[in-house]
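Remarks on the structure that follows.
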Amino acid sequence: MELLDLSGRKGLIVGIANADSLAWSAAQHFAGAGAELAITYYNDKAKAFVAPLAEQLAAPLLLPCDVMVSGQLEQVFDSMRERWGRLDFVFHSIASARKEDLHGRLIDCPGDGFAEAMLVSCHSFIRMARLAEPLMSEGGSLTTLSYYGAEKVVEHYNVMGPVKAALEASVRYLAHELGPRNIRVNAISAGPVRTRAASGIKHFDELLDEAARKAPQRRVVEAREVGRVALLLASTYASAITGEVVHVDGGYHIEGMVFH
């Protein structure tokens with residue numbers, strides 16, 4: 001019997017907010033496959049939710065990581081370097097925009113709000129790739145989370161649409177640049193799942209209903225299904241997959257106009 005095995009692998013998980021987070025599902029699958037994890041939390045308030053989860057997985061590193069705080073992301077990588085001396089995979093699951101920018105029209109988004117959304121949601125992944133590169137001397141995997149709104153207009157997704165499009169383009173360029181070092185870079189375009197981050201999108205229930213109606217599988221995806229694909233991409237089973245945006249959305253992205 002073939003099994004996905006991450007025994008002895010070291011991984012960084014950024015973006016767990018609570019037990020509903022897609023990053024938490026990914027972390028559970030990584031740990032279940034034998035990986036040792038470093039887990040981050042956004043701030044002290046978030047730590048109260050994340051720390052018990054990290055304890056469940058016996059994660060040896062639980063570290064603060066607000067990518068907008070100078071030096072904090074670098075400290076995360078310094079801690080992994082000191083403890084492990086290497087890193088095998090990164091799972092990036094952070095995205096943010098100011099409420100007024102997320103709820104307002106893209107055309108009305110000011111430059112500083114757009115820049116903040118881009119720095120947190122896209123450039124942080126580029127920074128992590130740069131910091132991970134010297135720790136991945138024997139190769140590795142970098143995975144981020146995207147959404148269909150990067151490809152097509154999704155009502156109420158607003159500023160996050162072009163930001164996620166930039167993230168997907170960054171995946172391709174990073175895959176090109178890091179490929180010679182056997183570092184793979186991919187994105188998972190997940191269908192809508194009820195998470196804390198999703199709660200910030202207006203009319204999210206309508207988005208779920210539309211996904212269930214339109215997707216070929218006639219249902220919404222589950223967090224564990226996203227976590228399983230994250231595990232696959234971190235494993236050697238995906239050794240020739242890089243620069244991809246893997247859709248985990250029940251096939252929603254293939255549909256045009258659907259008549260019932």
Side-chain angles (χ1 to χ4, degrees), residues 1-16 22-40 54 57-65 67 71-94 122-146 167-189 226-246 248:
M1 179 182 292
E2 291 192 76
L3 296 172
L4 294 179
D5 185 7
L6 297 187
S7 297
R9 303 289 183 89
K10 318 295 185 185
L12 169 65
I13 316 299
V14 181
I16 298 176
L22 293 179
W24 169 238
S25 178
Q28 289 177 292
H29 283 85
F30 294 143
E36 193 172 10
L37 303 178
I39 291 174
T40 70
L57 303 184
L61 291 172
L62 177 63
L63 304 161
C65 184
V67 297
Q72 207 163 84
L73 181 59
E74 287 74 13
Q75 289 172 6
V76 168
F77 279 82
D78 286 343
S79 296
M80 292 187 296
R81 182 181 297 105
E82 291 171 8
R83 185 174 184 94
W84 294 329
R86 64 176 235 268
L87 184 63
D88 297 295
F89 63 90
V90 172
F91 187 79
H92 170 277
S93 178
I94 56 174
C122 177
H123 192 256
S124 63
F125 185 58
I126 298 171
R127 289 174 63 198
M128 288 181 202
R130 178 176 57 81
L131 292 165
E133 182 182 12
L135 293 177
M136 293 182 169
S137 57
E138 297 180 8
S141 170
L142 303 163
T143 304
T144 187
L145 276 181
S146 189
L167 178 64
E168 292 187 5
S170 297
V171 163
R172 291 185 284 272
Y173 277 84
L174 292 171
H176 169 76
E177 293 174 357
L178 297 176
R181 300 201 61 174
N182 195 30
I183 298 173
R184 298 177 293 105
V185 189
N186 294 289
I188 296 173
S189 182
V226 178
R228 288 170 185 158
V229 176
L231 171 59
L232 172 67
L233 291 175
S235 75
T236 55
Y237 274 48
S239 59
I241 300 175
T242 193
E244 287 291 336
V245 177
V246 181
V248 185

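The figures here come from the full heavy-atom set of this structure, side chains too, leaving out hydrogens, waters and symmetry mates.
- Taking OG1 of T144 as the start and CG of L167 as the end, the distance is 4.0 Å to the nearest 0.5 Å.
- Across all their heavy atoms, A234 and F30 have their closest contact at CB-CE2, 3.7 Å.
- The CG atom of L174 sits 11.5 Å away from atom CZ of R130, with the distance rounded to the nearest 0.5 Å.
- Atom-to-atom distance recorded for S235:OG and L3:CG is 11.5 Å, nearest 0.5 angstrom.
- Using modelled atom types, no side-chain atom of S25 and backbone atom of L22 make a donor-acceptor pair closer than 3.5 Å.
- Residues forming a side chain to side chain contact (heavy atoms under 4.5 Å, CB included) with A132 (at least two apart in sequence, or on another chain): F77, L87, V90, M136, L142.
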side-chain contact (heavy atoms from CB on, under 4.5 Å) between E133 and R181, worked out
CA-CA 8 Å; E133 182 182 12; R181 300 201 61 174; 3.3 Å; yes
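- What you find for R172 and V245 is that their closest heavy atoms are NH1-CG2, 4.4 Å.
- Contacts of R127 classified as side-chain hydrogen bond (donor to acceptor under 3.5 Å, both in side chains), with partners at least two apart in sequence or in another chain: E74.
- Here the closest heavy-atom approach between residue C122 and residue S170 is recorded as SG-OG, 3.5 Å.
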F125 vs V185, test: side-chain contact (heavy atoms from CB on, under 4.5 Å). Steps then yes/no.
CA-CA 10 Å; F125 185 58; V185 189; 3.7 Å; yes
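- Under the salt bridge (Lys or Arg N to Asp or Glu O under 4.0 Å) criterion, E244 pairs with no residue at all, not counting sequence neighbours.
- Here S146 pairs with E168 under the side-chain hydrogen bond (donor to acceptor under 3.5 Å, both in side chains) rule; sequence neighbours left out.
- I94 and G15 get closest at one heavy-atom pair: CG2-CA, 3.6 Å.
- Looking at heavy atoms from C-beta onward, Q75 lies out of side-chain contact with L63 at the 4.5 angstrom threshold.
- Taken to the nearest 0.5 Å, the CG atom of L12 stands 6.5 Å off from the CE atom of M128.
- Across every non-hydrogen atom of I39 and A59, the tightest pair is CD1-CB, 3.9 Å.
- Rounded to the nearest 0.5 Å, atoms CZ (R184) and OG (S141) are 4.5 Å apart.
- The salt bridge (Lys or Arg N to Asp or Glu O under 4.0 Å) contacts involving residues 81-90 comprise D78-R81, R86-D88, where partners must be two or more places apart or lie in separate chains.
- To the nearest 0.5 Å, atoms CG (N182) and OG1 (T242) are separated by 9.0 Å.
- The minimum heavy-atom distance linking H92 with S124 is given by the pair NE2-OG, 2.8 Å.
- Put simply, the side chain of R228 does not reach to within 4.5 Å of the side chain of L232, judged on heavy atoms.
- The only option from L233, L145, L231 that meets the side-chain contact (heavy atoms from CB on, under 4.5 Å) definition with F91 turns out to be L145.
- Residues meeting the side-chain hydrogen bond (donor to acceptor under 3.5 Å, both in side chains) test with Y237, sequence neighbours left out: E2.
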